[in-house]
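Residues: numbered from 1 along the sequence shown.
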Amino acid sequence: MPMTFALLPSPFLGPAVWEPVAAELRRLGHRVIAPGFGTAAPAGPADVLAELAGQLPVDQQLVLVAHSNAGLFAPVLTTLTGATRVVFVDAVLPAGIGPVPVAPARLVDGVRDKADGDGLLPVWTSWWDEADVAPLFPDDSVRRRVQSEQRRLPLAYLEATVDVPAGWDRVAGAYLAFGPTYAEEQARAAARGWPVAVLPGRHLHMLVDPAAVAAHIVRLAEQVFPAASEQEQGR
């Protein structure tokens, strides 16, 4: 059965990280929505949420697919769009409700000195050593495409919180990890009874093996379909 996937990129990157997977999903007969971001730096999480929400349809039985920091916005987007399925892909999975930190204190402290006089951080790929960044990309052309969409976010964004609504996790959810980095999120998803899959790779593995990532996303969305159908019928 064709599904409509909304591929949510990290606010630090852009929709180019999802382009190869989007092509695979379309090849498999599914519909894809790929929200992007403007060039201006958001003042905070509310701006990011508004950018994403403004590009998503309402009540179309979306499957939200959130990568990395976009996972923070998946809970409220499920309530705004009426989506009944969400797949977190190597992403933040909020532990509770109410104000949730955008980033852990250790990350904020680690990049604090990188902010300029205006409080803006450099682009995400420059936070890390080249030895760690280069293997994220399959080739230089893909790297240039992804990096061209990066924008500088303020340090204040990392220091902010996102409001997670109560009851959002009644949605049919699943988790796809690319390794152990998000081990706590994997455990949290499993504790909720969600399907969890691990596809070994680095954080941007969707660029390296889009066919496998797309297949896993479809499989996980199909696994939670019965639960989603019950919710759709009860609305």
Determine yes or no for a side-chain-to-main-chain donor-acceptor pair under 3.5 angstrom, with Glu159 supplying the side chain and Val108 the backbone.
no
Quiz prompt | Val65 vs Met206 side-chain heavy atoms within contact, under 4.5 Å | solution = no
Side-chain donor or acceptor of Arg143 paired with backbone N/O of Phe137 under 3.5 Å | no
- Are Glu24 and Arg27 ion-paired here, with the side-chain N under 4.0 Å from a carboxylate O? yes
Contacts satisfying salt bridge (charged side-chain N to carboxylate O under 4.0 Å, His left out) that involve residues 5-21 (not counting sequence neighbours) are Glu19-Arg145
When Thr4, Val63, Val218 are each screened for side-chain contact (heavy atoms from CB on, under 4.5 Å) with His30, the one that passes is Val218
Exercise. Where the side chain of Tyr175 meets the backbone of Ala91, is there a donor-acceptor pair that is under 3.5 Å apart?
Worked result: yes
**OP:** Look only at the side chain of Gln147 and the backbone of Thr125, and say whether a donor-acceptor pair between them is shorter than 3.5 Å.
**Re:** no
Would the distance check show the side chain of Arg192 and the main-chain N or O of Asp169 forming a donor-acceptor pair, the cut-off being under 3.5 Å? no
Q: If the plane angle is over 60° it's perpendicular, under 30° parallel, otherwise tilted; pick one for Trp18 and His67.
A: perpendicular
Quick note, ring-ring contact (aromatic ring centres under 6.0 Å, His included) partners involving residues 35-54, not counting sequence neighbours, are none
So the salt bridge (charged side-chain N to carboxylate O under 4.0 Å, His left out) pairs with at least one residue in residues 37-56 (sequence neighbours excluded) are Glu51-Arg151
